[in-house]
Number of protein chains: 2
Amino acid sequence: MSLAQIEYFVAVAQRGNVGRAARELRVAQPAVSRQIRRLEDELGATLFQRTPRGMVLSQAGEAFLAHARDILQRVENAREALKERDQQRSS
Amino acid sequence: MSLAQIEYFVAVAQRGNVGRAARELRVAQPAVSRQIRRLEDELGATLFQRTPRGMVLSQAGEAFLAHARDILQRVENAREALKERDQQRSS
DNA sequence: TGAGGTTACGCCTATCGTAATAATG
DNA sequence: CATTATTACGATAGGCGTAACCTCA
């Protein structure tokens with residue numbers, strides 16, 4: 001599991017569509033498709049049901065989404081914490 | 001920032017020593033040294049003071065450590081959540 | 001000079017993008 | 001047949017390990 005995979009997953013979950021998620025992430029469609037599949041393999045769970053209209057979160061996907069957002073938020077927090085420290089130091 | 005970098009960072013912080021952290025992680029010393037340095041570059045902060053006796057957390061490093069542990073814990077939580085879901089489904 | 005961290009370098013794996021290939025309503 | 005996802009494939013980048021190097025008490 002990588003942070004990129006988690007970002008890709010959240011983007012697809014939000015858009016319900018690999019193509020739009022890829023555009024948002026400024027990356028090509030297959031890159032997203034592949035990483036989602038790798039993530040599913042590693043977790044041993046199907047996160048989306050594939051339809052010709054797009055990707056729909058499975059129950060496992062729903063469960064994972066909350067955790068995924070949480071992780072990304074914490075990473076952002078960690079970055080912010082250092083940034084704020086730095087600003088204080090220079091003031 | 002990658003999950004591996006965060007793991008390496010926590011290991012070095014705990015051991016106070018790149019070499020021992022590397023052994024614990026079952027990886028060679030330079031791999032750890034490099035990733036710590038990359039992490040510092042990306043964050044724009046010095047996380048450790050280097051001494052000939054080992055690595056000592058800087059103030060920024062102390063601040064980051066709590067976040068780093070938090071992130072790894074959340075990743076573990078996410079994995080566990082799916083594992084438990086799977087067990088329930090099969091019972 | 002010994003313990004530790006870092007740099008150099010070659011290799012290997014992972015990821016990407018483009019292009020081609022399904023699948024489905 | 002149009003839309004969407006996936007697979008093939010060649011190219012690139014990132015990460016690792018070994019070996020050499022640096023630094024400081």
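Labels below follow one simple rule: chain letters A, B, ... track the order of the sequence lines, proteins then strands, and each chain is numbered from 1. Just so we're clear, the structure is a prediction, and the values are computed from it rather than from any experiment.
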Note to self: Exactly one of A:Leu39, A:Leu57, A:Val10 should register a side-chain contact (heavy atoms from CB on, under 4.5 Å) with A:Phe64. Which one does?
What the structure shows: A:Leu39

Notebook entry, point to check: What are the residues of residues 4-16 of chain A, sorted by number, that bring a heavy atom to within less than 4.0 Å of DNA chain C?
Noted result: A:Tyr8

Checklist line | Close approaches to DNA chain C from residues 21-42 of chain A, in residue order (heavy atom, under 4.0 Å) | finding: A:Val27, A:Ala28, A:Pro30, A:Ala31, A:Arg34, A:Gln35, A:Arg38

Notebook entry, point to check: Does B:Asn17 make a side-chain N or O approach to OP1 or OP2 of C:dG5 shorter than 4.0 Å?
Noted result: yes

Item checked: Over all atoms of both residues, closest heavy-atom pair of A:Val12 and A:Phe48 -> CG1-CZ, 3.6 Å

Item checked: Flag if over 12 foreign heavy atoms under 6.0 Å of CD, B:Gln49 -> yes

Checklist line | Test: A:Asp41 and A:Arg37 ion pair at under 4.0 Å | finding: no

Next item on the list: Ignoring backbone atoms, test whether A:Arg50 places a side-chain nitrogen or oxygen under 4.0 Å from the OP1 or OP2 oxygen of D:dT6.
Entry: yes

Check: Around A:Gln14, counting heavy atoms of other residues, nucleotides and ligands shown, do more than 12 lie under 6.0 Å from its CD?
Finding: yes

Item checked: Under-4.0 Å salt bridge between B:Arg50 and B:Glu40 -> yes

Notebook entry, point to check: Rounded to the Å, how far apart are A:Phe48 CZ and D:dT6 P?
Noted result: 10 Å

Next item on the list: Could you tell me the separation between the CE atom of A:Met1 and the P atom of C:dA14, rounded to a whole number of Å?
Entry: 17 Å

Item checked: Euclidean distance, B:Asp86 CG relative to B:Lys83 NZ, rounded to 0.5 Å -> 10.0 Å

Checklist line | Cationic N near anionic O, under 4.0 Å, B:Glu42 to A:Arg79 | finding: yes

